[in-house]
**Q** 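This structure is in structure tokens; I'll ask about it shortly.
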Amino acid sequence: MATALNIKGSTAEASLSRWASLLVFLAICAWAAAGEGSGRYAIYALPPALIALSVLLYNGRPWIDRGSVIGLQLYGLVAALALATNGYLGEFGMRDLLIIGGYLCLYSLSFKAPQWVADFVLVTLAAGMVIENLGREVNTEIQLVESEGMLESTFAFPLGALLIYFILTRKWLRVLITFVIFFAAFKRIAIMAVIAALAVYVFVRMFRMVRLEKAIVVAIMLACSVVALHTLEIFTFMAREVGGTNATGVSLGRFGFAAALWEEWERASVPQMLFGRGPGEADAIVMRMSGYNPHNDWLKILTDYGAFGLVAFYVILLKVFGKDPFRLCLLTYVSILMVTANTFIYMHFHAAIFLPAMIPSEDRQKRRPLARSVERRS
């Protein structure tokens, strides 16, 4: 009986992996082709489609990841409190609920993906970049300080996560291919985040601190949030030290975004400080003044969901990413990105990285992971 159930489960997992990979490919390519307008609906449709498929393949009893489900439930509570405090739901609020709730639903699925899904995600991201840049001129003057690359694409963020995966599993040809595409997409913060995540991974193993790895990564997450919440002071200090510029120039415009959000915070009521102004309100505030997203996910969380929501999101991120060495690497990576990027609301980012995250840790070990060579040398 147990053997029959295992065979049935394995068949369902194989089918779900194939269908999930195909649906992610179609959703990301559709999003890249249509842009943030109508293309977003392809991304929004991905979580319910995969949940329905999982229910169908597992005969109404899909396997779930309990930690991620707790994270999803906690987000529901945080969002409900923010909405109750604010009293209304704007356009950005609906978008945030669909995106954040959507990718938490993706992580709540539990299945063992085969190793080839990482290769398929690489093909998907490369195809998305090609579609996104059809008809656009390639920038040949790369400015590292100004964060100007050849294509300057948000696909750099999931590509960075994939680069980490291939490095940890020592698939060097794929590392080379991914790095070339990653560098073409070029996001300065993504490059720094990849380096930092890998450095933490190697440091933990070099000094035999694996048992403390989760605590170290949590400390980094907390430190990233503190830095993000103090960007006004940091950018002002940097401008003063560099000279010949101002805080807005040093921050590539992000100083003004943070200033606008802190001005709203100072005018907020006590309940809003505790539970937030409502999903998407940080985007609405910054959009009114600049036409951009906040580019500071930690400050966005504080604005939208308040101090209680910020603490809750520490727990949510740990529930989703605190499971194995690769996911802990992702937690370091994501925590750093959230300081100056918008990955918190990039559905295509999570749609891409959730598939490699489903590859079982023991299967990654079969690829002679980087950890073994580091431990052997130490």
Side-chain angles (χ1 to χ4, degrees), residues 36 82 90-93 95-96 139 141-149 152-154 156-157 160 185-196 220-268 272-273 276-307 309-310 313-314 317 332-346 349:
E36 290 289 347
E91 177 187 357
F92 293 111
R95 179 206 65 183
D96 279 19
N139 180 23
E141 298 182 3
I142 299 175
Q143 300 288 334
L144 297 181
V145 175
E146 298 296 328
S147 190
E148 293 181 3
E152 189 70 17
S153 171
T154 57
F157 300 124
F186 197 87
K187 286 290 184 180
R188 184 177 55 179
I189 186 66
I191 295 173
M192 292 188 292
V194 167
I195 294 171
I220 292 171
M221 175 179 65
L222 295 174
C224 287
S225 67
V226 170
V227 169
L229 296 178
H230 288 83
T231 49
L232 289 181
E233 296 89 339
I234 293 170
F235 290 143
T236 301
F237 172 79
M238 290 173 61
R240 186 168 59 248
E241 292 298 311
V242 171
T245 185
N246 55 29
T248 300
V250 168
S251 66
L252 303 180
R254 290 167 174 80
F255 179 86
F257 305 163
L261 293 177
W262 279 117
E263 287 175 8
E264 291 294 330
W265 174 266
E266 291 173 356
R267 290 195 290 266
Q272 287 176 328
M273 289 183 176
R277 304 181 70 93
E281 285 305 295
D283 295 82
I285 293 166
V286 176
M287 279 282 183
R288 282 196 295 267
M289 66 160 286
S290 67
Y292 290 95
N293 294 117
H295 284 275
N296 185 330
D297 285 334
W298 293 111
L299 186 52
K300 170 181 166 59
I301 291 172
L302 181 65
T303 303
D304 289 354
Y305 305 103
L310 181 62
F313 268 101
Y314 294 145
L317 289 170
T332 303
Y333 178 66
V334 169
S335 297
I336 296 171
L337 292 183
M338 290 173 67
V339 175
T340 65
N342 301 301
T343 48
F344 185 61
I345 54 169
Y346 283 162
F349 171 72

**Q** Could you label the plane-to-plane angle of the Phe235 and Phe255 rings as parallel, tilted or perpendicular, counting under 30° as parallel and over 60° as perpendicular?
**A** perpendicular
**Q** Are Asp304 and Arg277 close enough for a salt bridge, meaning some N to O gap below 4.0 Å?
**A** no
**Q** Below 4.5 Å, heavy atoms only, C-beta onward: do Asn296 and Arg254 meet side chain to side chain?
**A**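 No, every pair of side-chain atoms sits at 4.5 Å or beyond.
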**Q** If I compare all heavy atoms of Phe157 with all of Ala190, which pair ends up nearest, and what's the gap?
**A**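 Scanning both residues, the minimum pair turns out to be CD2-CB, 3.9 Å.
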**Q** Of all the heavy-atom pairs spanning Phe92 and Gly280, show the shortest one and how long it is.
**A** CB-O, 3.4 Å
**Q** What's the spacing between Glu281 CD and Met287 CE if we round to 0.5 Å?
**A**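 Glu281 atom CD to Met287 atom CE measures 13.0 Å (nearest 0.5 Å).
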**Q** Please step through side-chain contact (heavy atoms from CB on, under 4.5 Å) for the pair Tyr305 and Leu310, ending with a clear verdict.
**A** CA-CA 7 Å; Tyr305 305 103; Leu310 181 62; over 6 Å; no
**Q** How long is the span from the CG atom in Leu299 to the CH2 atom in Trp262, to the nearest 0.5 Å?
**A**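 Separation between the atoms: 6.0 Å.
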**Q** List the steps and the verdict of side-chain contact (heavy atoms from CB on, under 4.5 Å) for Ile345 and Arg95.
**A** CA-CA 9 Å; Ile345 54 169; Arg95 179 206 65 183; 3.4 Å; yes
**Q** So do the side chains of Ile189 and His295 get within less than 4.5 Å of each other, counting heavy atoms only?
**A** no
**Q** Parallel under 30°, tilted from 30 to 60°, perpendicular over 60°: which one fits the rings of Phe349 and Tyr333?
**A** tilted
**Q** With heavy-atom distances below 4.5 Å as the criterion, would you say the side chains of Ile301 and Phe344 are in contact?
**A**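 Ile301 vs Phe344: side chains touch.
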**Q** Show which side-chain atoms of residues 221-231 pair as donor or acceptor with protein atoms under 3.5 Å away, not counting sequence neighbours.
**A**
{"from": "Ser225", "atom 1": "OG", "to": "Leu222", "atom 2": "O", "distance (Å)": "2.7"}
{"from": "Ser225", "atom 1": "OG", "to": "Tyr314", "atom 2": "OH", "distance (Å)": "2.7"}
{"from": "His230", "atom 1": "ND1", "to": "Val226", "atom 2": "O", "distance (Å)": "2.9"}
{"from": "Thr231", "atom 1": "OG1", "to": "Ala228", "atom 2": "O", "distance (Å)": "3.3"}

**Q** Mind checking the CG-CG spacing from Asn342 to Leu337? Nearest 0.5 Å is all I need.
**A**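 If we round to the nearest 0.5 Å, Asn342:CG and Leu337:CG are 10.5 Å apart.
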**Q** Quick one: closest heavy-atom pair of Pro294 and Asp283, and the distance?
**A** CD-OD2, 3.2 Å
**Q** How close do Thr343 and Asp297 get, heavy atom to heavy atom, and via which atoms?
**A**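 Smallest interatomic distance, heavy atoms only, reads N-OD2, 3.0 Å.
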**Q** Test your reading of the model: is there a side-chain donor-acceptor pair from Trp298 to the backbone of Ser335, 3.5 Å cut-off?
**A**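 Yes, Trp298 side chain to Ser335 backbone: donor-acceptor pair under 3.5 Å.
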**Q** So does Lys300 pair up with Asp96, basic N to acidic O under 4.0 Å?
**A** yes
**Q** Show the nearest heavy-atom pair for residues Met289 and Ala260, with the distance to one decimal.
**A** SD-CB, 3.3 Å
